[in-house]
Amino acid sequence: MFDIKLMRENLEMVKANALRRGCDVDVDALAAMDKEYLGLIKEVEDLRAERNRLSKECQKNPEAREIVKTMKVTLGEKETRMTELKAKIDEQMSWMPNLLSDEVPDGADDKDNAVIKHVGKKPEFAFKGLDHQEIGEKLGIIDTARGAKVAASGFYYWVGKGAQLTQAMYFWAQKELVARGFTLFMSPCLAKERTLYGTGYLPFFSDQTYLIQGEDLALIGTSEQTLVGYHTDETLEAESLPLRYTAYTPCFRTEAGSYGKESRGIFRVHQFHKVEQIIFCLPEDSPACHEECLVNEEYLLQQLGIPYRVVNVCVGDMGAPGYKKYDIEAWYPGFGSYREVTSNTNLTEFQSRRLNIRYKDKEGNRGFVHTISATGLTDRVVCAILENYQQEDGSVVVPEVLRPYTGFDVIAPN
RNA sequence: GGAGAGAUGGCUGAGCGGUCUAAGGCAGCGGUCUUGAAAACCGCCGUAGGUUCCACCUACCGUGGGUUCGAAUCCCACUCUCUCCGCCA
């Protein structure tokens with residue numbers, strides 16, 4: 001969400017941005033409503049001022065009472081119209097995408113993302129590499145069949161050493177992020193509508209959300225929702241910024257409409273797990289904080305020994321809340337392709353305006369903070385470990401950095 | 001889940017139909033005093049929106065409605081917090 005004043009002062013720019021981002025809000029109609037709304041504010045406020053003035057006279061001048069009574073009818077009508085108009089404007093504004101960085105490439109989908117760099121050496125196998133699903137099944141560490149039996153298709157178990165490896169990775173990642181100045185949270189895994197709306201998941205991704213029947217609660221799609229929502233309606237001291245937060249939570253997504261897409265393995269599932277990076281910062285610092293999160297993501301993958309590439313996400317592949325976004329795609333030798341494992345978005349003031357998260361500095365300057373939302377690691381990275389560290393005998397070697405946390409060096413077939 | 005109490009500015013705390021943006025205190029900011037600091041004294045000290053923008057107007061006392069010429073104050077609903085009881089990882 002951007003300041004509506006921007007639209008008043010720079011209509012063509014806002015229109016062009018909406019067009020480029022495929023937003024179907026009628027910006028001209030919105031601007032017209034806003035114009036009418038501004039006029040109504042003036043009328044209503046003038047009427048209120050007059051009413052307030054007359055009300056003060058009522059005790060000594062009974063006639064004023066009658067005047068105000070008739071005024072109230074007109075005022076009431078105008079107030080109703082104003083409220084309705086405001087609701088319509090807010091509804092339309094909630095669908096308006098964020099502005100875009102100049103550095104965002106054009107393009108329609110992920111094939112148009114601009115590859116920035118390749119890092120790490122792809123493993124070379126003297127045998128036919130398997131994908132993580134096959135590896136996981138053979139080692140008995142991924143169980144999708146029972147996930148479907150107990151919950152539903154799209155759920156799975158990490159079992160035995162697979163679960164140990166996964167937990168080791170998350171524990172290690174949290175420790176690394178804490179060492180980089182992040183505060184660790186254990187977060188609620190449900191959130192209310194306002195929180196999902198405020199973080200931009202509503203109204204844009206409403207069909208991805210699991211709602212709790214009869215309650216104003218939904219399962220979180222990411223801890224971004226609860227970590228950013230943490231400061232809802234707060235004014236942060238500028239000198240306390242940037243605030244760096246991390247949490248490890250499950251993430252729930254209905255994946256409605258994506259059946260058959262990446263259905264192999266546990267790539268697209270209804271529940272996965274994630275260590276998140278969130279930064280609240282001053283507007284001028286957000287580009288640097290965005291880069292900082294990328295550095296952290298890369299560091300984690302490098303330490304794990306996963307080859308990857310970084311892409312600058314194109315306009316067509318970026319969600320409406322984003323201003324600029326980097327994805328990291330890990331190399332999956334079993335699949336024989338790069339696949340998205342992390343994403344890192346500078347949301348500028350899109351979320352902070354919706355959630356009313358502001359900053360105030362010593363000079364009394366105020367504004368909305370910027371937020372950065374980035375992945376740390378997810379279950380997909382464990383899949384990448386399985387595929388990149390597989391051996392000819394079917395075993396999987398544990399990355400060096402995780403061994404202190406797993407207590408074993410290799411996962412071997414029984 | 002049952003019973004009770006309460007939600008006012010950064011905090012504390014008055015306010016019970018008009019003189020309320022809201023007393024008093026604390027914290028904070030500026031000044032006097034002082035070699036400097038403390039103390040004392042004086043002044044300032046909410047947010048947002050609108051406009052004819054060094055000024056004025058409007059809104060906001062948990063949220064949403066209602067009564068009234070006029071609501072922090074009266075009525076209704078909701079939310080949240082606290083205390084006690086029950087249950088429980």
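Source: prediction; values computed, not measured. In what follows, chains are A, B, ... by sequence order, proteins preceding strands, each numbered from 1.
- By the 4.0 Å N-to-carboxylate-O rule, A:R358 lies too far from A:E234 to be salt-bridged with it.
- Using a 4.0 Å heavy-atom cutoff across all strands shown, A:K5 reaches sugar-phosphate atoms only and no base atom.
- A side-chain contact (heavy atoms from CB on, under 4.5 Å) with A:I372 is found for exactly one of A:N344, A:I278, A:T345, A:L347, namely A:N344.
- Considering only side-chain N and O atoms, A:R194 lies nowhere under 4.0 angstrom from the phosphate OP1 or OP2 of B:rU63.
- Positionally, the nearest nucleotide of RNA chain B for A:L38 lies more toward the 5' end than for the other of A:V68 and A:L38.
- The same atom, C1', is picked in B:rA23 and in B:rU12; the two are 13 Å apart, to the nearest Å.
- Nearest-nucleotide positions on RNA chain B place A:E50 closer to the 5' end than the other of A:E50 and A:A64.
- When the P atom is compared between B:rC85 and B:rA59, the two are found 47 Å apart, to the nearest whole Å.
- The phosphate of B:rU68 (OP1 or OP2) has no side-chain N or O of A:K72 nearer than 4.0 angstrom.
- Contacts of A:R8 with the nucleic acid, taken as non-hydrogen atoms under 4.0 Å apart, involve only primed sugar atoms and P, OP1 or OP2.
- The CD atom of A:E45 sits 16 Å away from the P atom of B:rA48 (whole-angstrom rounding).
- If you take NZ of A:K360 and C1' of B:rG9, they are 12 Å apart, rounded to a whole angstrom.
- Within the structure, every pair that satisfies the salt bridge (charged side-chain N to carboxylate O under 4.0 Å, His left out) test and touches residues 403-414 of chain A, not counting sequence neighbours, is listed here: A:E400-A:R403.
- Pairs of Watson-Crick or G-U wobble type, with distances under 3.5 Å, assemble into runs of 3 or more in RNA chain B at these ranges: B:1-7 with B:79-85, B:10-12 with B:24-26, B:28-32 with B:40-44, B:46-51 with B:55-60, B:62-66 with B:74-78.
- Atom NZ in A:K35 sits about 16 Å away from atom P in B:rG50, given to the nearest Å.
- The separation of B:rA22 from B:rC44, taken at their P atoms, amounts to 12 Å, rounded to a whole angstrom.
- Using a 4.0 Å cut-off, no side-chain N or O of A:R51 falls inside it from OP1 or OP2 of B:rC69.
- The side-chain tip of A:R180 points at the ring of A:Y299 from less than 6.0 angstrom away and within 45° of straight on.
- The C1' atoms of B:rU32 and B:rG50 are separated by 40 Å, rounded to the nearest whole Å.
- Spacing of P atoms, B:rU19 relative to B:rC61, comes out at 15 Å, to the nearest Å.
- The phosphate of B:rA59 (OP1 or OP2) has a side-chain N or O of A:N52 nearer than 4.0 angstrom.
- Among the atoms of the strands shown, only primed sugar atoms or phosphate atoms (P, OP1, OP2) are found under 4.0 Å from some heavy atom of A:R358.
- Using a 4.0 Å cut-off between charged nitrogen and carboxylate oxygen, A:R81 and A:E36 count as a salt-bridge pair.
- In this structure, A:K274 is not positioned above the aromatic face of A:Y248 in the sense of NZ or CZ being under 6.0 Å from the six-membered ring centre and within 45° of the axis.
- Of the C1' atoms belonging to B:rC41 and B:rU34, the separation is 14 Å, rounded to the nearest Å.
- Judged by the 6.0 Å and 45° rule, A:R353 forms no cation-pi pair with A:F350.
- Under a 4.0 Å N-O distance rule, the pair A:E9/A:K5 does not qualify as a salt bridge.
- For the P atoms, the distance from B:rA7 to B:rA72 is 16 Å, rounded to whole Å.
- Look at CG on A:D233: it is 14 Å from P on B:rG9, rounded to the nearest Å.
- Stacking of A:R354 on the aromatic ring of A:Y197 is recorded, both the 6.0 Å distance cut-off and the 45° axial limit being met.
- To the nearest angstrom, P of B:rU51 lies 8 Å from NZ of A:K42.
- Rounded to a whole Å, the CG atom of A:D216 is 13 Å from the C1' atom of B:rU63.
- A:K69 comes within 4.0 angstrom of the backbone, heavy atoms only, and of no base.
- Between the P atoms of B:rC74 and B:rG17, the separation comes to 8 Å (whole Å).
- At the heavy-atom level, A:A49 lies under 4.0 Å from the strands shown only through sugar-phosphate atoms.
- One atom, CG of A:D46, and another, P of B:rU58, lie 9 Å apart when rounded to the nearest Å.
- Rounded to an integer number of Å, the gap from A:L54 CG to B:rC69 P is 13 Å.
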